[in-house]
Chemist: 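Here's a structure for you.
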Protein chains: 2
Amino acid sequence: MARATIHDVARTAQVSLATVDRVLNNRGSVAAKSVKKVQDAVARTGYVRDQFAANLSRGNGYRFVFLLPAGQSAFVRKLIAEIARESDLNRKDRVHIDIRSSKTFDPVSQVASLRQIDPETTDCAAVIVSDVPQVRAELTRLRAAGVRIVSLVADVQAEARDIYVGPNNEVAGRMAGQFMGRLIREPVGPVLVIAGSLAARDHAQRLLGFRQVLQNDFSGLTLLPVVEGFDDAARIADLVARTLDAMSPVGIYAIGAGNAGLVAALRRANSAFRPVTIAHESTDATREGLRDGLIDLVIDQDPGRAVTRAVRLMRDMADKQAVPSARGEIPLSVIIKESLS
Amino acid sequence: MARATIHDVARTAQVSLATVDRVLNNRGSVAAKSVKKVQDAVARTGYVRDQFAANLSRGNGYRFVFLLPAGQSAFVRKLIAEIARESDLNRKDRVHIDIRSSKTFDPVSQVASLRQIDPETTDCAAVIVSDVPQVRAELTRLRAAGVRIVSLVADVQAEARDIYVGPNNEVAGRMAGQFMGRLIREPVGPVLVIAGSLAARDHAQRLLGFRQVLQNDFSGLTLLPVVEGFDDAARIADLVARTLDAMSPVGIYAIGAGNAGLVAALRRANSAFRPVTIAHESTDATREGLRDGLIDLVIDQDPGRAVTRAVRLMRDMADKQAVPSARGEIPLSVIIKESLS
DNA sequence: TAAAAAATGATTGGCGTTCCTCATTTTTCG
DNA sequence: CGAAAAATGAGGAACGCCAATCATTTTTTA
């Protein structure tokens with residue numbers, strides 16, 4: 001009943017404790033057949049390393065870094081709050097989390113921030129960065145130096161990270177497309193799409209998915225040229241107001257942030273007719289929009305969940321558990337007026 | 001930089017290690033002013049108990065029990081799989097999870113199962129049970145004996161458990177209502193609602209929320225008398241087939257399980273017209289329904305998330321951390337054809 | 001076959017707690 | 001004031017593993 005310890009393993013393998021230790025922590029200097037004996041014994045006894053004892057003995061715990069875009073976007077603020085919470089909760093388990101930031105959409109700044117990460121003092125880093133060559137090179141360097149990399153919310157090329165934690169953004173776009181088509185009572189007319197920046201991989205993927213569905217299932221809906229709002233509320237408000245007047249779109253899909261501008265413009269619109277509007281992320285602005293009937297539906301990725309998942313995976317990776325516990329994909333949820341608390 | 005230990009606390013409090021220990025683990029026999037000195041020192045040093053060392057020393061880890069309805073419902077199967085996964089993942093942290101089952105919807109069997117839980121050997125239990133007096137009494141007894149209780153997926157009266165982990169089912173019903181109203185191009189006509197059993201608190205709450213929205217926002221939609229399907233596929237297939245013929249409903253809301261029957265009936269229906277159909281839980285049956293256009297939307301609660309959350313909260317409670325880390329509410333997600341992988 | 005190299009064994013101290021026991025000191029109260 | 005009670009101090013063993021060192025045995029190679 002009691003769990004097996006290295007002593008048990010040593011005994012059933014008929015080798016010394018030292019040899020078991022050498023195998024388990026691969027310190028080398030052990031014959032192939034001894035390795036096998038130990039591995040068999042591990043299997044037979046059902047030995048699982050006691051992570052408490054291991055950590056206690058090693059002395060060091062888990063040292064993680066989160067690298068986020070700077071700035072006051074509501075989403076980032078929520079992320080930071082969640083990370084802080086997670087940090088508190090895990091302090092008793094010796095988890096230390098350091099939050100740093102780099103300029104949004106600025107690869108140069110991101111590279112600089114990545115350079116600041118010291119492989120000696122960090123086990124794992126979760127980053128939100130652009131998927132461009134310089135950044136990838138820096139990530140690869142860090143990985144080679146022993147820092148495990150988690151790409152958060154927006155993925156990068158698979159070779160540059162260990163795991164991605166975030167939603168499937170193409171699916172998000174497809175969901176937006178489907179709801180757009182179905183929530184418009186008569187799906188014919190122009191649709192306005194506002195992205196933050198198409199250089200951001202998550203935004204590009206959402207657009208891709210959205211387009212697919214509209215083309216396939218709702219050919220009556222036509223896409224107006226996609227505009228980039230750079231997550232700036234004032235700019236977006238202006239954009240939306242003008243498009244509403246000029247084109248009378250039947251739908252609006254806001255891919256990125258800055259939705260306070262969207263809501264403001266919709267509120268001011270004088271027309272009796274209101275386009276079906278879909279946005280991303282549950283924030284004050286989008287919730288206000290939902291509540292007042294200006295936004296029909298919000299596709300949300302729960303930042304709390306992403307953070308929890310990321311920390312968990314980071315712990316697993318730091319524990320050198322071969323198979324990280326879970327997949328990093330986090331589900332998307334759909335919020336409508338009714339689902340507001 | 002290094003984290004504070006009880007030694008540090010003892011030193012800054014100017015008391016002995018033994019006294020610190022007495023205070024921290026309230027073993028009594030310590031003067032009020034000493035208690036204060038220690039508490040101040042804890043605050044000043046930022047001491048947080050090292051859970052690794054504590055567990056190692058205590059020898060025992062975490063002993064949890066999950067009590068689920070028996071039976072082969074897809075949802076329960078998923079739950080079991082998730083619990084097993086979670087159990088594996090946490091084995092290295094000395095978490096031992098025992099899964100037991102009781103007859104579905106049968107309070108007598110539930111009470112019997114609860115009686116089997118030995119307070120001596122279990123720290124915490126997560127249960128899916130009916131919210132009836134006999135069961136509540138048994139839960140209360142267990143809590144008094146030192147077993148922390150988590151109500152899972154379906155809540156019970158607040159006094160009978162420590163925390164609820166699951167979705168807000170009234171909100172789920174409201175979401176279903178809103179989507180029902182909006183996805184029907186012309187929301188006028190009868191709507192069929194199939195519940196599992198209205199004695200199940202989660203089902204009753206969903207119905208409540210659904211009703212609210214229909215009455216308020218879509219008065220053109222009328223509710224047919226709610227039928228109970230007891231999560232039995234054959235029975236439900238029959239029910240649906242007959243209602244389709246007799247009443248031509250414009251919408252169907254399936255509150256509970258047994259959706260294989262729903263899908264089968266819809267597939268066989270010969271009418272060109274198909275009612276807007278909303279169901280719960282992502283299972284093989286509902287996914288098949290979505291894929292083939294028989295179901296329009298599924299409201300899902302991710303069992304993996306519920307289990308993860310439950311285990312985490314149980315660990316926190318077992319650690320005697322005063323404030324359990326997180327709220328137990330887990331988000332609902334909406335699945336449509338497009339969001340299928 | 002002897003010397004060098006590789007593999008293995010034996011042992012130790014420590015990580016931060018918990019949970020004891022056994023003094024010793026301080027406080028309380030008749 | 002003195003005896004009993006309460007509070008405190010001091011110390012040690014244990015939990016399971018890690019990271020060493022040093023001695024000894026086995027294997028390889030010239």
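Bear in mind that the values here come from a model prediction, so they are computed numbers and not experimental data. Protein chains get the first letters and strands the later ones, always in sequence-line order, with residue 1 at the start of each.
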Chemist: Check this for me: does any side-chain nitrogen of one of B:R148 and B:D123 sit under 4.0 Å from a carboxylate oxygen of the other?
Modeler: no

Chemist: For A:D21, report the nucleic acid contact type (base, sugar-phosphate, nothing); a contact means any heavy atom under 4.0 Å.
Modeler: base

Chemist: Among the candidates C:dT18, C:dG9, D:dC17, find the nucleotide nearest to the side-chain atoms of B:S57.
Modeler: C:dT18

Chemist: Pick out which of B:K92, B:R94, B:R58 makes a side chain to side chain contact (heavy atoms under 4.5 Å, CB included) with A:F52.
Modeler: B:R94

Chemist: What is the distance, rounded to the nearest whole Å, between atom CZ of A:R3 and atom P of D:dC17?
Modeler: 7 Å

Chemist: To the nearest Å, give me how far apart CD (A:Q51) and P (D:dC18) are.
Modeler: 8 Å

Chemist: If you go through the side-chain atoms of A:T5, does one of them form a donor-acceptor pair with the base of D:dG16 closer than 3.5 Å?
Modeler: no

Chemist: Let me know, please, whether A:A53 or B:R27 comes out on the 5' side of the other along DNA chain C by nearest nucleotide.
Modeler: A:A53

Chemist: Could you check how far NZ of B:K33 sits from P of D:dA6, rounded to whole Å?
Modeler: 17 Å

Chemist: Under a 4.0 Å N-O cut-off, is there an ion pair linking B:D319 with B:R49?
Modeler: no

Chemist: Would you mind checking if A:R91 and A:D88 are paired as a salt bridge, meaning a charged N to carboxylate O distance below 4.0 Å?
Modeler: yes

Chemist: In whole angstrom, what separates A:F52's CZ from D:dC18's P?
Modeler: 14 Å

Chemist: Side chain of A:R58 only, please: which of D:dA19, D:dG16, C:dT8 is the nearest?
Modeler: D:dA19

Chemist: In this structure, how many angstroms lie between the C1' atom of C:dT8 and the NZ atom of A:K37, rounded?
Modeler: 10 Å

Chemist: Check nucleotides 21-26 of chain D for protein N or O atoms closer than 3.5 Å to its own N or O atoms and list the pairs.
Modeler:
none

Chemist: How would you label the contact of A:H7 with the nucleic acid (heavy atoms, under 4.0 Å): base, sugar-phosphate, or nothing?
Modeler: nothing

Chemist: CG/A:L152 to CG/A:L68 distance, rounded to the nearest 0.5 angstrom?
Modeler: 7.5 Å

Chemist: Does A:V48 or B:V30 map to a spot on DNA chain D nearer the 5' end, using the closest nucleotide for each?
Modeler: B:V30

Chemist: Which listed nucleotide (C:dT17, D:dG9, D:dC15) is nearest to the side chain of B:R94?
Modeler: D:dC15

Chemist: Step by step, would you call A:D302 with A:S333 a side chain to side chain contact (heavy atoms under 4.5 Å, CB included)?
Modeler: CA-CA 8 Å; A:D302 181 352; A:S333 54; 5.6 Å; no

Chemist: Rounding to an integer number of Å, can you tell me how far A:K92 NZ sits from C:dG16 P?
Modeler: 18 Å

Chemist: With a 4.0 Å cutoff (strictly under), does any side-chain N or O of A:R49 reach OP1 or OP2 of D:dC18?
Modeler: yes

Chemist: Could you state the CG-P distance from B:L56 to D:dA14, rounded to the nearest angstrom?
Modeler: 14 Å

Chemist: Does D:dG9 have OP1 or OP2 sitting under 4.0 Å from an N or O in the side chain of B:T19?
Modeler: yes

Chemist: CG of A:N25 versus C1' of D:dC17: gap in Å, rounded?
Modeler: 9 Å

Chemist: At under 4.0 Å between heavy atoms, what does B:N55 touch on the DNA or RNA strands: base, sugar-phosphate, or nothing?
Modeler: nothing

Chemist: On DNA chain D, nearest-nucleotide positions of A:A54 versus B:V35: which is more 5'?
Modeler: B:V35

Chemist: One thing to verify: whether A:D40 and A:K36 come together as a salt bridge, which I'm taking to mean a side-chain N less than 4.0 angstrom from a carboxylate O.
Modeler: yes

Chemist: Given side chain to side chain donor-acceptor pair (under 3.5 Å), test A:D93 with A:Y62 step by step and report yes or no.
Modeler: CA-CA 8 Å; A:D93 290 347; A:Y62 306 91; over 6 Å; no

Chemist: Would you tell me if any nitrogen or oxygen in the side chain of B:S16 comes within less than 4.0 Å of OP1 or OP2 on D:dG9?
Modeler: yes

